[in-house]
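Numbered from 1 within each chain, the chains take letters A, B, ... in sequence-line order.
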There are 2 protein chains.
Amino acid sequence: MARWEPDARGRMLSAALDLFAEKGYDKTTAGDIAARAGVTERTFFRHFADKREVLFANPSPLDEVVVKAIAAADEGATPLQMVLGGVREAAVGIAEARSREQAAQRARIIEATPALQERELLKMAAMTTAAQAALAERGVGEPTAALAAYSAVAVFQAAFSRWVSGETDLALPECVDEAAAALRSLT
Amino acid sequence: MARWEPDARGRMLSAALDLFAEKGYDKTTAGDIAARAGVTERTFFRHFADKREVLFANPSPLDEVVVKAIAAADEGATPLQMVLGGVREAAVGIAEARSREQAAQRARIIEATPALQERELLKMAAMTTAAQAALAERGVGEPTAALAAYSAVAVFQAAFSRWVSGETDLALPECVDEAAAALRSLT
DNA sequence: TCCTCCTATGTCAGTGACTGACATCAACTG
DNA sequence: CAGTTGATGTCAGTCACTGACATAGGAGGA
């Protein structure tokens with residue numbers, strides 16, 4: 001028999017979600033999460049760099065997915081198409097990992113907490129920077145790369161918030177397509 | 001004679017800048033800043049909501065400037081022109097309040113510290129949201145308002161980073177014009 | 001002039017996020 | 001079977017921040 005119950009990380013992940021939904025992020029201490037997961041606070045901080053990260057821990061970070069997709073994109077594609085393709089794949093990954101309801105609950109928690117919004121913005125900025133670098137790798141020049149990355153991330157955010165809102169029956173990747181079309185129709 | 005030296009806030013502001021530049025943000029405690037300014041830590045937190053805010057405390061927040069400019073914009077202007085006008089005025093305000101060297105030092109500190117990047121992103125997001133709302137007030141419809149606000153803020157960021165980089169002799173407002181032109185030339 | 005309220009600050013105790021150092025012990029490895 | 005490893009526990013410590021209460025100039029009125 002193992003010395004400890006397996007999957008401490010998974011238990012902490014769901015304990016955190018539950019507690020944040022029950023009491024709110026601010027009123028939940030790291031110790032609360034650890035206790036519900038049956039570990040100590042110290043163990044919590046060994047798995048997550050800080051309390052916020054428990055909400056942003058992804059098995060396959062979006063940056064990586066986007067970067068790989070850009071590297072693998074068709075030669076003939078425009079820069080914007082390359083990033084949008086990457087963003088779409090990230091969307092597929094998210095939809096596989098979480099149900100819409102789970103994503104919505106997470107979004108509600110983040111929306112209620114400025115500290116979490118900051119972290120989300122940082123992740124999005126990281127995605128933008130990564131996409132920009134990946135475009136550069138493909139030979140895209142500088143004003144274009146930045147703008148394309150920035151716009152595609154904007155599309156992703158718009159699509160995600162629409163998907164989560166429940167105003168549409170579309171799946172997340174289709175929401176990305178829809179938002180990308182909206183972007184095109186502005187030029 | 002006054003009970004305390006006047007302008008405690010101003011002293012804390014410059015003490016913070018100095019210490020961050022000397023030792024770095026992380027190794028500077030709120031108590032250090034307070035001590036150098038000749039006040040107590042408690043007083044520091046009465047003036048600034050948190051340690052990061054000391055770097056983001058603006059006499060006239062950018063949001064307000066942008067919102068006012070959008071409200072006062074010409075009837076005939078396009079949404080993007082309205083926001084760009086607001087962003088340009090914000091640029092004028094910044095250039096009046098700080099020298100380029102001061103802005104560059106601040107930018108260096110922020111760039112070295114993820115926690116500060118998060119806060120900056122939050123401020124930019126707030127500016128975007130405010131601009132979006134101001135556009136709505138002027139009757140601009142929804143997909144357009146969001147995109148225009150988002151793009152104009154992107155222009156602002158590009159302009160600011162170019163101004164601070166020292167690669168150009170242009171003043172900040174002219175950098176905004178330049179970045180806006182670059183945006184136009186993409187469509 | 002004296003009294004009173006107001007305001008900016010000081011003082012102090014407390015909570016919670018995180019960190020470093022060290023101990024423990026099942027499981028693996030040879 | 002002895003040694004090593006890895007995930008965890010334990011504990012003490014630092015620092016960001018907060019609430020409650022005390023203090024004393026200064027402004028304004030009686």
Side-chain angles (χ1 to χ4, degrees), chain A residues 1-20 22-57 59 109-110 112-120 122-123, chain B residues 1-20 22-57 59 109-110 112-120 122-123:
Chain A
M1 164 184 141
R3 188 169 174 194
W4 298 280
E5 290 301 307
D7 196 25
R9 184 188 177 88
R11 272 177 288 136
M12 287 189 276
L13 243 14
S14 59
L17 246 331
D18 290 351
L19 285 166
F20 292 164
E22 282 171 27
K23 312 198 294 181
Y25 174 85
D26 289 328
K27 296 197 172 171
T28 302
T29 72
D32 292 340
I33 301 170
R36 179 165 304 193
V39 296
T40 62
E41 189 186 316
R42 191 66 183 88
T43 292
F44 177 86
F45 286 112
R46 283 202 184 93
H47 283 267
F48 306 102
D50 59 57
K51 187 181 155 193
R52 287 180 262 170
E53 273 298 300
V54 74
L55 267 175
F56 296 92
I109 297 168
I110 293 174
T113 316
L116 295 173
Q117 290 164 31
E118 293 191 0
R119 179 56 53 85
E120 178 145 271
L122 190 66
K123 300 276 181 186
Chain B
M1 163 185 144
R3 186 167 174 196
W4 300 281
E5 290 301 307
D7 196 26
R9 186 188 176 87
R11 272 178 287 137
M12 287 190 276
L13 243 13
S14 58
L17 247 331
D18 291 351
L19 285 166
F20 291 163
E22 282 171 28
K23 312 198 294 181
Y25 174 84
D26 288 329
K27 296 197 174 171
T28 302
T29 72
D32 292 340
I33 301 170
R36 177 164 304 193
V39 296
T40 62
E41 188 185 319
R42 192 66 182 87
T43 292
F44 177 87
F45 285 112
R46 282 202 183 93
H47 284 268
F48 306 103
D50 59 57
K51 187 181 156 192
R52 286 178 262 171
E53 272 298 300
V54 73
L55 269 175
F56 296 92
I109 296 167
I110 292 174
T113 316
L116 295 172
Q117 291 164 31
E118 292 190 0
R119 180 56 53 85
E120 178 145 272
L122 190 66
K123 299 278 181 187

A:R52 CZ to C:dG16 P, straight-line distance once rounded to whole Å = 18 Å

request  = Figure out the CG/P separation between A:L19 and C:dA17, and round it to whole Å.
outcome  = 12 Å

ask   = For B:E41, what residues pass the side-chain hydrogen bond (donor to acceptor under 3.5 Å, both in side chains) criterion, not counting sequence neighbours?
value = none

task = Starting at atom NZ of A:K51, determine the distance to atom P of D:dA16, rounded to an integer number of angstrom.
result = 17 Å

remark   = note: A:R9, atom CZ; D:dA7, atom C1'; distance rounded to Å ~ 14 Å

Tell me which donor-acceptor pairs under 3.5 Å the side chains of residues 7-17 of chain B have, and how far apart each pair is, sequence neighbours excluded?
{"residue": "B:D7", "atom": "OD1", "partner": "B:G10", "partner atom": "N", "Å": "3.1"}
{"residue": "B:R9", "atom": "NH1", "partner": "B:H47", "partner atom": "O", "Å": "3.4"}
{"residue": "B:R11", "atom": "NH1", "partner": "B:A37", "partner atom": "O", "Å": "2.6"}
{"residue": "B:R11", "atom": "NH2", "partner": "B:E5", "partner atom": "O", "Å": "3.0"}
{"residue": "B:R11", "atom": "NH2", "partner": "B:P6", "partner atom": "O", "Å": "3.3"}
{"residue": "B:S14", "atom": "OG", "partner": "B:G10", "partner atom": "O", "Å": "3.4"}
{"residue": "B:S14", "atom": "OG", "partner": "B:R11", "partner atom": "O", "Å": "3.4"}

query = Judged by atom type as modelled, is there a donor-acceptor pair below 3.5 Å linking the side chain of A:T28 to the main-chain atoms of A:G24?
reply = yes

request  = Tell me whether the OP1 or OP2 atom of D:dA7 has a side-chain N or O from A:H47 closer than 4.0 Å.
outcome  = no

key: Counterpart residues, side-chain hydrogen bond (donor to acceptor under 3.5 Å, both in side chains), relative to B:R42 (two or more places apart)   = none

message = Going by ring-ring contact (aromatic ring centres under 6.0 Å, His included), name the residues that satisfy it together with A:Y25, two or more places apart in sequence or in a different chain.
response = A:F20

ask   = Rounded to whole angstroms, how far apart are CG on A:D32 and P on C:dG16?
value = 8 Å

B:E118: side-chain hydrogen bond (donor to acceptor under 3.5 Å, both in side chains) partners, not counting sequence neighbours = A:R52, A:R119

query = Between B:D32 and B:K23, is there a salt bridge with N-O shorter than 4.0 Å?
reply = yes

query = Could you state the CG-P distance from B:D7 to C:dT7, rounded to the nearest angstrom?
reply = 19 Å

ask   = Considering residues at least two apart in sequence or located in another chain, which fulfil the salt bridge (charged side-chain N to carboxylate O under 4.0 Å, His left out) criterion with A:K123?
value = A:E53

key: Side-chain-base donor-acceptor pair under 3.5 Å for B:R3 and C:dT9   = no

task = Quickly work out the A:E5 CD to D:dA7 P distance and round it to whole Å.
result = 17 Å

query = How would you list, by chain and number, every residue that makes a side-chain hydrogen bond (donor to acceptor under 3.5 Å, both in side chains) with B:T113, sequence neighbours excluded?
reply = none

request  = Would you mind building the protein contact string for nucleotides 9-14 of chain D? One character per nucleotide, 5' to 3', B for base within reach (heavy atoms under 4.0 Å), S for sugar-phosphate only, - for untouched.
outcome  = BBB---

inquiry  = From CD of B:E53 over to C1' of D:dC17, roughly how many Å is that when rounded to an integer?
reply    = 14 Å

request  = Note down the inter-axis angle between the two ends of the helix from C:dT1-D:dA30 to C:dG30-D:dC1, five pairs each, to the nearest 10°.
outcome  = 10°

